[in-house]
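We name chains A, B, ... by the order of the sequence lines, and we start the count at 1 in each one.
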Number of protein chains: 2
Amino acid sequence: MNRDRQQSEQRLIDAVGQILATEGFSALGINAVARTAGVDKVLIYRYFDGLPDLLRVYGESGDFWPSMDEVLDRDVEAIRSLPLAARVETVVIGLFDALRNRPQTIEILAWEAVEQNALTETLAGIREQWAQKVISETMTDAADHDQDLLALASLLVAGFQYLLIRSRRSAIYGGLELTTDQGWERIRTAIRLACSDPGRGATVADPIFSRED
Amino acid sequence: MNRDRQQSEQRLIDAVGQILATEGFSALGINAVARTAGVDKVLIYRYFDGLPDLLRVYGESGDFWPSMDEVLDRDVEAIRSLPLAARVETVVIGLFDALRNRPQTIEILAWEAVEQNALTETLAGIREQWAQKVISETMTDAADHDQDLLALASLLVAGFQYLLIRSRRSAIYGGLELTTDQGWERIRTAIRLACSDPGRGATVADPIFSRED
DNA sequence: GCAAGGTGTCACCGATCGGTGACTATAGTT
DNA sequence: AACTATAGTCACCGATCGGTGACACCTTGC
């Protein structure tokens, strides 16, 4: 139509996000993307070598995972001085708050739970890198700890991610309201409850590596 | 072929379970069920009035959720005398162990996370009833408690269910091994860690940390 | 003017999906 | 034997899926 390859490519990329946001990943096919973009589907093959590549480009172009700064609202130095359990709580709660505002990321996470493709693999890679970075920068002492707080953190993240996924279609899970702010506040409190354990020697007043740094 | 309606119906019901177990819910369609059962697909419409009804019958015929006795291995009386946090831990851990051995239930849970149909609704109903029964029979005092242990329980169940779902396709999530017994033992320990909190008072007398011994 | 190459359009392919109408074959009843 | 109800078979429908070949259009360089 307009004889503008760049614009056509962008319309295709945008169409992916639009379909994910409005109809969900199950509706995301070659024909739907082309139709939404108002572009012939053959261009998906010409310009992106197929749908998987288009999904990969879309995944790399978007902002699907919060930065470390967004998750750790306080500065990193202050967090490093906290005991391990408090650091875990900060990260998990921060991730919780950040992901709640990312419906497209939740959609991709739902997809990832069910099948693998170029887009879910891209997101999985980003997330894994992110986790490694967070651990190496703020939780180097986790291995010394006698309790497996990293496993607890992953379990809690898995838990609220599952609830976020379910909230797309269901209103309730296990007595938890998934559509109201009060419901999510309850979940938030439960996360903090799971992390904050005085018995673990993890109070803010008692930093665990006050030894000699 | 054999002119035996009962047998044909049973073959169709069995085919649903077989497809779920071998190819996953995404492969479960009218044609696949009929082909697997070795029966013409028109019989699905005649005998069950369509696939949704067949799925409902399959869901009601199967054993997709553990009984309360299976989850609470000790007798219920002994559990009632435990503090609330210990009861929550017992139930969550019990459910965790029970669901790990139910691949078809995990498959339906994965399906349920993504879309709704007669089978997932059946399972959801069974699960909700089950949860209500457990709460009313063993956790009537939860409302009096100052901490929301029921929300914590649902969060933990959501967490390991998500990990079970992911384990169908992925080997790792957040540093957790999803294919080895050691990995699942780590998750199990993390669940117990989230539940057992001396700071919450009324803790289980865990023999290891008991002061009298 | 002319050829070449990139851009977009269109028609079509085979496969598969859920769904249905028309048929045959068998068993039981009278 | 004739009739009826049911079990099972078969062919086909329209829609949609991913994928491709052929062609028209426009810009650029010669």
Side-chain angles (χ1 to χ4, degrees), chain A residues 1-20 22-59 107-108 111 114-122, chain B residues 1-20 22-59 107-108 111 114-122:
Chain A
M1 195 137 317
N2 266 352
R3 271 191 107 57
D4 184 340
R5 171 166 179 168
Q6 256 197 342
Q7 177 185 327
S8 293
E9 290 183 353
Q10 194 57 50
R11 294 182 70 165
L12 286 170
I13 295 173
D14 294 343
V16 172
Q18 191 175 334
I19 292 175
L20 279 183
T22 57
E23 305 179 64
F25 65 84
S26 61
L28 210 156
I30 286 275
N31 296 296
V33 170
R35 198 183 316 124
T36 303
V39 152
D40 197 281
K41 61 178 172 179
V42 78
L43 301 185
I44 296 175
Y45 296 99
R46 284 216 201 125
Y47 298 158
F48 296 96
D49 201 37
L51 187 58
D53 258 42
L54 172 56
L55 293 182
R56 189 171 291 115
V57 171
Y58 169 74
E107 189 66 32
I108 303 175
W111 204 354
V114 151
E115 55 178 317
Q116 293 185 8
N117 56 58
L119 179 51
T120 64
E121 281 168 13
T122 299
Chain B
M1 207 34 122
N2 266 353
R3 264 188 116 56
D4 185 339
R5 172 166 177 169
Q6 257 198 340
Q7 176 184 328
S8 293
E9 291 183 352
Q10 194 56 50
R11 293 182 69 164
L12 285 169
I13 296 173
D14 294 343
V16 172
Q18 191 175 336
I19 292 175
L20 279 183
T22 57
E23 304 178 64
F25 65 85
S26 62
L28 210 156
I30 286 276
N31 297 296
V33 171
R35 198 183 317 123
T36 303
V39 151
D40 197 282
K41 62 179 172 179
V42 79
L43 301 186
I44 296 175
Y45 296 99
R46 285 216 200 125
Y47 298 158
F48 297 97
D49 201 37
L51 187 58
D53 258 41
L54 172 56
L55 293 182
R56 189 171 292 115
V57 171
Y58 169 76
E107 190 66 34
I108 302 176
W111 203 356
V114 150
E115 55 178 317
Q116 294 185 7
N117 56 58
L119 179 52
T120 64
E121 282 168 13
T122 299

In this structure, how many angstroms lie between the P atom of D/dC17 and the CD1 atom of A/Ile19, rounded? 10 Å
Round to a whole Å and report the spacing from CD of A/Gln6 to P of C/dT7. 10 Å
Distance-minimising heavy-atom pair for A/Ala118 and A/Pro52: CB-O, 3.2 Å
For the pair made of CG in A/Asp4 and C1' in C/dT7, what is the distance, rounded to whole Å? 10 Å
Would you say B/Tyr47 reaches D/dT6's phosphate, i.e. side-chain N/O to OP1/OP2 under 4.0 Å? no
In whole Å, I'd like the distance from the CD atom of A/Gln7 to the P atom of C/dG8. 8 Å
Interatomic distance, B/Phe48 CZ vs D/dG8 P [rounded to whole Å]: 12 Å
How many Å lie between CG on B/Leu43 and P on D/dT6, as a whole number? 14 Å
Ignoring backbone atoms, establish whether B/Arg11 has a side-chain N or O less than 4.0 Å from OP1 or OP2 of D/dA7. no
Rounded to the nearest Å, what distance is computed from the CG atom of residue A/Leu12 to the C1' atom of nucleotide C/dT7? 13 Å
Scanning both residues in full, the closest heavy-atom pair of B/Leu51 with B/Val33 reads CD1-CG2, 4.3 Å
Could you note down all residue pairs passing side chain to side chain donor-acceptor pair (under 3.5 Å) where residues 36-51 of chain A supplies at least one of them, sequence neighbours left out? A/Asn31-A/Lys41
What is the distance, rounded to the nearest whole Å, between atom CD of A/Glu23 and atom C1' of D/dT16? 14 Å
Using a strict 4.0 Å threshold on nitrogen-to-oxygen distance, state whether A/Arg56 and A/Asp53 make a salt bridge. yes
Are the side chains of A/Leu28 and A/Leu55 in contact, using a 4.5 Å heavy-atom criterion? yes
Hey, does B/Ile108 have a side-chain heavy atom less than 4.5 Å from the side chain of B/Phe25? no
Check the pair A/Gln10, A/Asp14 against side-chain contact (heavy atoms from CB on, under 4.5 Å), reporting the backbone distance first and the verdict last. CA-CA 6 Å; A/Gln10 194 57 50; A/Asp14 294 343; 3.0 Å; yes
Identify the pairs formed between an N or O of the protein and an N or O of nucleotides 18-25 of chain D at a distance under 3.5 Å, and give each distance.
residue, atom, partner, partner atom, Å
D/dG18, OP1, A/Ile30, N, 3.4
D/dG18, OP2, A/Ile30, N, 3.4
D/dG18, OP2, A/Asn31, N, 3.4
D/dG18, OP2, A/Asn31, ND2, 2.7
D/dG18, N7, A/Lys41, NZ, 3.4
D/dG19, OP2, A/Tyr45, OH, 2.8
D/dG19, O5', A/Tyr45, OH, 3.2
D/dG19, N7, A/Lys41, NZ, 3.0
D/dG19, O6, A/Lys41, NZ, 2.6
D/dC25, O2, A/Arg3, NH1, 3.4

A/Ser8 side chain N/O closer than 4.0 Å to the phosphate oxygens (OP1, OP2) of C/dG8? yes
